[in-house]
There are 4 protein chains.
Amino acid sequence: MELIAEQGYSATTVDDIAARAGVAKGTVYYNFQSKTVLFEELLRHGIGLLTAEFRAAVAGLPPREALAALVRAELEYIRRYRAFAQLLLSEMWRTNREWQQTLRLLRGEAIEVIAETVRAGVASGDLPADLDVRTASSALFGVGLVVAVDWLVFQPERPLEDVEDALLSIVRRVAEV
Amino acid sequence: MELIAEQGYSATTVDDIAARAGVAKGTVYYNFQSKTVLFEELLRHGIGLLTAEFRAAVAGLPPREALAALVRAELEYIRRYRAFAQLLLSEMWRTNREWQQTLRLLRGEAIEVIAETVRAGVASGDLPADLDVRTASSALFGVGLVVAVDWLVFQPERPLEDVEDALLSIVRRVAEV
Amino acid sequence: MELIAEQGYSATTVDDIAARAGVAKGTVYYNFQSKTVLFEELLRHGIGLLTAEFRAAVAGLPPREALAALVRAELEYIRRYRAFAQLLLSEMWRTNREWQQTLRLLRGEAIEVIAETVRAGVASGDLPADLDVRTASSALFGVGLVVAVDWLVFQPERPLEDVEDALLSIVRRVAEV
Amino acid sequence: MELIAEQGYSATTVDDIAARAGVAKGTVYYNFQSKTVLFEELLRHGIGLLTAEFRAAVAGLPPREALAALVRAELEYIRRYRAFAQLLLSEMWRTNREWQQTLRLLRGEAIEVIAETVRAGVASGDLPADLDVRTASSALFGVGLVVAVDWLVFQPERPLEDVEDALLSIVRRVAEV
DNA sequence: GATGAATGAGGGTTCATTCAT
DNA sequence: GATGAATGAACCCTCATTCAT
């Protein structure tokens with residue numbers, strides 16, 4: 001995960017992976033069908049973690065607070081797994097890739113947590129009735145990713161709290177009934 | 001441009017490029033120092049086009065209208081050069097790439113147009129005084145990219161006008177003094 | 001070794017080497033870092049052999065006999081590894097080559113055996129006191145090489161013993177106190 | 001000549017040659033059938049020069065003095081065209097080269113001048129009667145080349161006069177009736 | 001369960017040569 | 001007489017994958 005997240009998929013060789021894992025190259029193939037499958041499982045692991053944190057963040061909170069909690073959870077995740085976040089940003093909107101299917105599925109699972117929150121908010125009247133659930137959810141996910149990574153890459157001296165404030169204030173305005 | 005934008009840098013071979021261009025492989029190397037340089041010139045060309053359209057869009061407009069015009073110009077550009085936009089989204093926030101230097105420079109030129117507009121708006125009082133110019137400009141650029149590409153990739157049936165409306169309304173709210 | 005010695009470094013492709021060795025091309029690269037490194041190891045092997053035979057030839061002999069033994073050892077070596085000797089003659093005095101460093105080192109080791117003999121002879125008074133050790137050693141090495149190879153290439157019908165006699169008589173005259 | 005002598009045949013591209021000559025690449029092919037032919041003419045020119053100097057050196061001298069003059073002429077030539085001499089040393093005893101035929105011919109012409117001197121000396125009784133003309137001539141030529149170049153490459157700090165003295169004294173002893 | 005030597009398809013790059021202008 | 005854009009064969013090298021042990 002460290003290697004591929006830092007260097008990218010193509011730049012990371014199976015030799016590298018085996019060496020970092022402290023096993024022989026054959027062992028990688030003993031445990032994974034192919035490099036592609038290994039990468040898919042990496043994506044599964046990484047996005048699964050994010051989805052789990054999304055779930056933990058919203059647990060028991062009312063819609064508007066849950067929304068804020070999701071933003072915080074995403075930023076926190078990106079801060080902790082910065083390289084993986086960059087990887088996601090690179091791969092998420094690409095087409096013609098072998099693992100595209102898998103990635104869409106995983107993206108769907110993560111966004112579904114956001115969607116549930118939005119859906120509940122719309123139903124309870126806490127969020128605007130004309131808010132398109134699917135659109136709002138995926139936009140929130142994507143915007144959080146790009147804004148946070150942009151900050152990390154191009155303005156690393158700034159504290160991530162600033163991003164959080166900016167994003168939360170925007171979300172709040174958009175979420176106003 | 002079509003090939004690399006569609007398949008990505010590594011997946012596109014120089015053979016592919018030569019074949020698509022209808023020339024021999026040697027001809028590619030007669031015109032470009034290396035595959036990397038070719039890609040850099042591709043980036044230069046593509047982002048140069050965007051920068052030019054940014055400049056054309058804001059010409060003579062007052063700050064708030066210029067901001068809206070920039071959003072429209074970016075979306076229009078992404079609609080027209082969809083594959084290139086995906087490429088940008090994939091490469092813009094990666095590190096450890098040979099063309100990173102070039103990309104950062106070009107990104108800076110494009111964002112500078114946005115920054116000039118924001119700066120003028122803050123100076124004239126049309127935009128909030130506490131708006132951080134650098135941050136706001138790069139965020140606007142990034143958000144437009146990810147939201148539009150997300151739409152194109154995951155909800156292609158929706159008209160791009162919806163994205164435009166959504167983005168413009170957000171920008172307007174954030175830009176309120 | 002046969003291939004490179006016969007055709008030269010550039011004219012011998014890695015494909016050739018793999019084919020002659022009866023392995024796949026990748027196998028060559030699994031065992032050698034690069035074609036250059038392979039060639040360096042070839043030089044190391046070949047010159048190492050010569051150095052070893054030099055050492056064996058002089059073992060226990062008094063200076064003047066040792067000198068004659070060295071000439072005989074060199075000629076015998078050239079006869080046995082004719083192609084390699086030609087290779088040495090071609091590469092030894094070239095500059096601007098990647099393996100130059102390696103070659104100089106190996107040359108130094110081989111010549112050092114000769115030098116030890118000459119030095120001992122000068123010290124014991126068996127050889128002229130004004131003989132420059134370094135010069136005499138490298139000249140002896142080079143002359144043996146060029147005279148023997150010249151004979152092999154341009155007058156192959158002549159027995160090598162003639163060269164031996166000629167060289168030994170010259171060495172003896174020069175070595176006279 | 002400068003380029004090929006310094007970098008070697010393979011390392012010098014036709015582009016290099018054209019650039020150094022200040023003409024277009026096509027012009028090189030307008031004047032020379034191929035790179036090989038160009039190299040052959042280079043050899044012809046370079047060795048022709050040496051042959052001419054040999055002829056000039058021996059003109060009118062008695063055999064033993066002519067022999068000494070030849071040694072001096074060869075060394076002087078090597079000093080002046082050092083890179084070309086290294087090139088000769090590299091190519092002269094190689095086999096399986098395209099220009100081998102040409103090179104042998106040219107070598108023959110140069111050595112013939114030496115041979116004429118030796119032959120005359122043997123006939124007149126100035127040189128030992130049992131001296132093999134062909135062998136002696138080619139050996140003198142080769143030894144001069146390798147000893148002088150060795151000196152230039154491995155002991156460049158020493159004056160070439162030392163080599164001259166050493167070679168002349170050897171030649172004199174060998175030439176003693 | 002684990003290994004690592006071996007593979008070979010495929011990639012980027014070079015460069016002598018050609019030929020229309 | 002001269003040019004230089006275009007060529008394509010050939011080269012060195014990489015690396016995901018296999019398989020006998």
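Chain letters run A, B, ... following the sequence lines, proteins first, then strands; residues in each count from 1.
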**Q** Using a 3.5 Å limit on both distances, find every run of at least three consecutive Watson-Crick or G-U pairs that involves DNA chain F.
**A** E:2-21 with F:2-21

**Q** Can you name the residues that form a side-chain contact (heavy atoms from CB on, under 4.5 Å) with C/Ala5, not counting sequence neighbours?
**A** C/Ala83

**Q** Can you tell me how far the CD atom of D/Glu6 sits from the CG atom of D/Asp16, to the nearest 0.5 Å?
**A** 11.5 Å

**Q** Output the rounded distance in Å from CZ (C/Phe39) to C1' (F/dC13).
**A** 19 Å

**Q** In Å and rounded to the nearest 0.5 Å, what is the CG to CG distance from C/Leu89 to C/Leu145?
**A** 5.0 Å

**Q** What is the distance, to the nearest angstrom, from the CZ atom on D/Phe32 to the C1' atom on F/dA2?
**A** 15 Å

**Q** Quick one: list whatever passes side-chain contact (heavy atoms from CB on, under 4.5 Å) with A/Asp15, sequence neighbours left out.
**A** A/Thr13, A/Lys25

**Q** Output the distance between atom OG1 (A/Thr12) and atom CD (A/Gln7), rounded to the nearest 0.5 Å.
**A** 4.0 Å

**Q** Relative to the 5' end of DNA chain F, which residue comes earlier, D/Gly22 or B/Gly22, by the nucleotide with the nearest heavy atom?
**A** D/Gly22

**Q** Could you give all pairs that pass the side-chain hydrogen bond (donor to acceptor under 3.5 Å, both in side chains) test and reach residues 77-87 of chain D, with sequence neighbours left out?
**A** C/Thr95-D/Gln86, D/Glu53-D/Arg80, D/Glu76-D/Arg79, D/Arg82-D/Gln86

**Q** With a 4.0 Å cutoff (strictly under), does any side-chain N or O of B/Asn31 reach OP1 or OP2 of F/dA6?
**A** yes

**Q** Any donor-acceptor pair under 3.5 Å linking the side chain of A/Lys35 with the backbone of A/Tyr9?
**A** yes

**Q** Would you list the protein and nucleotides 15-18 of chain F atom pairs, both N or O, that sit under 3.5 Å from each other?
**A**
unit_1	atom_1	unit_2	atom_2	d
F/dA16	OP1	A/Lys35	NZ	3.1
F/dA16	OP2	A/Val14	N	2.8
F/dT17	OP2	A/Tyr29	OH	2.9
F/dT17	OP2	A/Lys35	N	3.0
F/dT17	O4	A/Lys25	NZ	2.9

**Q** Only distances under 3.5 Å count here; give the side-chain donor-acceptor pairs of residues 98-110 of chain A to other protein atoms, sequence neighbours excluded, each with its distance to 0.1 Å.
**A**
unit_1	atom_1	unit_2	atom_2	d
A/Glu98	OE1	A/Thr36	OG1	3.2
A/Trp99	NE1	A/Glu91	OE1	3.3
A/Gln100	OE1	A/Asn96	N	3.1
A/Thr102	OG1	A/Glu40	OE2	3.3
A/Arg107	NH2	B/Asp150	OD1	3.3
A/Arg107	NH2	B/Asp150	OD2	2.8

